[in-house]
There are 2 protein chains.
Amino acid sequence: MDIHKQFFKSAFSVDSVIFGYDQGDLKVLLIYRGAKPYIGTWALPGDLVKLDEDLDDSARRILFDLTGLSNVFMDQIHTFGKVDRHPLGRVITVAYFSLVKIIDYKLNPSSWAKEAKWHSIVNTPNLPFDHTEILNYAKNKLKERVRHQPIGFELLPKEFTLSDIQNLYESVLEINLDKRNFRKKLLAMSLLIDTGYFQISVAHRPARLYRFDKKKYKSLIQQGFSFEL
Amino acid sequence: MDIHKQFFKSAFSVDSVIFGYDQGDLKVLLIYRGAKPYIGTWALPGDLVKLDEDLDDSARRILFDLTGLSNVFMDQIHTFGKVDRHPLGRVITVAYFSLVKIIDYKLNPSSWAKEAKWHSIVNTPNLPFDHTEILNYAKNKLKERVRHQPIGFELLPKEFTLSDIQNLYESVLEINLDKRNFRKKLLAMSLLIDTGYFQISVAHRPARLYRFDKKKYKSLIQQGFSFEL
DNA sequence: ATTATTTATTGTATTTATTACACGAATCCA
DNA sequence: TGGATTCGTGTAATAAATACAATAAATAAT
């Protein structure tokens, strides 16, 4: 039980599953590893946690270094700790997932990545370490969360159409939804603000643009409201 | 990025929130610490993860050392990693929760605990480290899980009455439930097996005893069934 | 200019699920 | 034998989920 016994033999890292949504497709941001081990493969972005850095800050740092984004939705998923998951030592990793609006994002691959690229979730390459397991875990968590919390909006631009949000739900959940019923349910929550504006330059009837009302959501939550889609 | 840089300065541990249920009360198993730091206080059982031990195995070991129980429901909750959460070094901890049938349990406090005792959840002592935060987190997780997975049965003896399971739900969720509606919903899932037996030696009309049908649950799950109470 | 193409918007009837609610039955104990 | 206690049960009213199709508004093609 002497806590010092183990201090020189192990480490912990953070890995981030960064989701984006674009052109009707759910995407994940992968880096092309420029460092050992598994140099030259696509992988989840991650890094060792610094000694003077809170775990959550570490996840934020990784996201910021890679995308320049802060103030992004982020949540811890799970911690992966099989003995042999890392070839160079005993490293457990805490997985996080983030939801970013791709439109806001600027590529800024950091030292350990030669390149960073969005990959469609339906067609991701094989990943090193236990990253495939982590990614699947993240996809399932996202499915659960999106039904119980209004986090889908984090993936869309500030103004969006009802079809946008429905398509997003269909991509994430991998199901089809009835248009009229989906709208009825969503609008009944009164969490969308009608901007009064419409799409422009589309080759069909333009759709109304809405914004998500975060303030209202927070106040409803205080009153025991629970989001469900 | 050199993974060896950090290997001598940090460690990771597992802490377990072990829930039990007895006489209408939800309980948590705490140990009276016999080792530094925080010697002489009630705390969550936990230990450093051994280098040759998977994270989940570590949680199982802690539970087994303390209670002699294995094959118990157990799930990871969250990882806590504030820089200063441990006074002797940088230690992140992965929290697990377990559900045990108190009746099965035999006390077997291990080396680091002078004593282990069930504490009613409504009246727990102040806990060291960030254990109060962990316990609250675990209580909330339990509330969520119990509504979406049939894990309440893990806290009851193999045979139980409908009132037992209702009382358990009321304790965990901290709400009151309507007797007729609760039974209707529960029985409609056809997941309970009527044993044909009744309570004996109770000073009132004896209740039917049921068992939870784990096999049926698993097969229903395959078919897309989703548990909800 | 007319027509074709595409996507947006809207309501109702049916089915299913949730809620609210009260009294006789079975056992032990005094 | 009467009192105390918990068990077991059904129905009516309300709310939520589902299934379903025709018209509107824009651009593109002719």
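Chain letters run A, B, ... following the sequence lines, proteins first, then strands; residues in each count from 1.
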Student: Figure out the CG/C1' separation between L187(B) and dA17(C), and round it to whole Å.
Tutor: 16 Å
Student: Would R211(B) and D194(B) pass as an ion pair if we require N to O under 4.0 Å?
Tutor: no
Student: For the side-chain contact (heavy atoms from CB on, under 4.5 Å) test, which of I18(A), D15(A), D75(A), V28(A) pairs with F97(A)?
Tutor: D75(A)
Student: Select one nucleotide: of dA20(C), dT9(D), dG11(C), the one nearest the side-chain heavy atoms of R180(B).
Tutor: dT9(D)
Student: Rounded to the Å, how far apart are F182(A) CZ and dA8(C) C1'?
Tutor: 15 Å
Student: Which is true for T161(B) with a 4.0 Å heavy-atom rule: it touches a base, it touches only sugar-phosphate, or it touches nothing?
Tutor: nothing
Student: So, is S163(A) close to the dA8(C) phosphate, meaning a side-chain N or O under 4.0 Å from OP1 or OP2?
Tutor: yes
Student: Please lay out, stage by stage, how F80(B) and F129(B) fare under the test ring-ring contact (aromatic ring centres under 6.0 Å, His included).
Tutor: CA-CA 11 Å; F80(B) 295 81; F129(B) 306 101; over 10 Å; no
Student: Rounded to whole Å, please give me the gap between CG in L186(B) and P in dT9(D).
Tutor: 13 Å
Student: Given atom CG of L209(A) and atom C1' of dA8(C), what is their separation to the nearest angstrom?
Tutor: 12 Å
Student: Looking at every heavy atom in both W42(A) and P128(A), which two are closest together, and how far apart are they?
Tutor: O-CD, 3.0 Å
Student: Ignoring hydrogens and angles, answer whether the base of dT11(D) and the side-chain atoms of K184(B) contain a donor-acceptor pair closer than 3.5 Å.
Tutor: yes
Student: Please work out which residues in residues 194-208 of chain B have a non-hydrogen atom less than 4.0 Å from an atom of DNA chain D and list them by number.
Tutor: A203(B), H204(B), R205(B), P206(B), A207(B), R208(B)
Student: Should E228(A) and K185(A) count as an ion pair when the cut-off is N to O under 4.0 Å?
Tutor: no
Student: Tell me the interatomic distance from K179(A), atom NZ, to dG11(C), atom C1', rounded to whole angstroms.
Tutor: 15 Å
Student: Establish, with yes or no, whether the OP1 or OP2 oxygen of dG8(D) is under 4.0 angstrom from a side-chain nitrogen or oxygen of R183(B).
Tutor: yes
Student: Expressed in angstrom and rounded to an integer, what is the separation of F160(B) atom CZ from dC7(D) atom P?
Tutor: 14 Å
Student: Does OP1 or OP2 of dA17(C) have a side-chain N or O of K185(B) closer than 4.0 Å?
Tutor: no
Student: How long is the line joining CG of N181(B) and C1' of dA15(D), in whole Å?
Tutor: 14 Å
Student: Salt-bridged, K82(B) to D54(A), with N to O below 4.0 Å?
Tutor: no
Student: Check ring pair (Phe, Tyr, Trp, His ring centres under 6.0 Å) between Y169(B) and all other residues, then give those that pass, not counting sequence neighbours.
Tutor: F182(B)
Student: Nearest whole Å is fine: how far is dT6(D) C1' from N167(B) CG?
Tutor: 11 Å
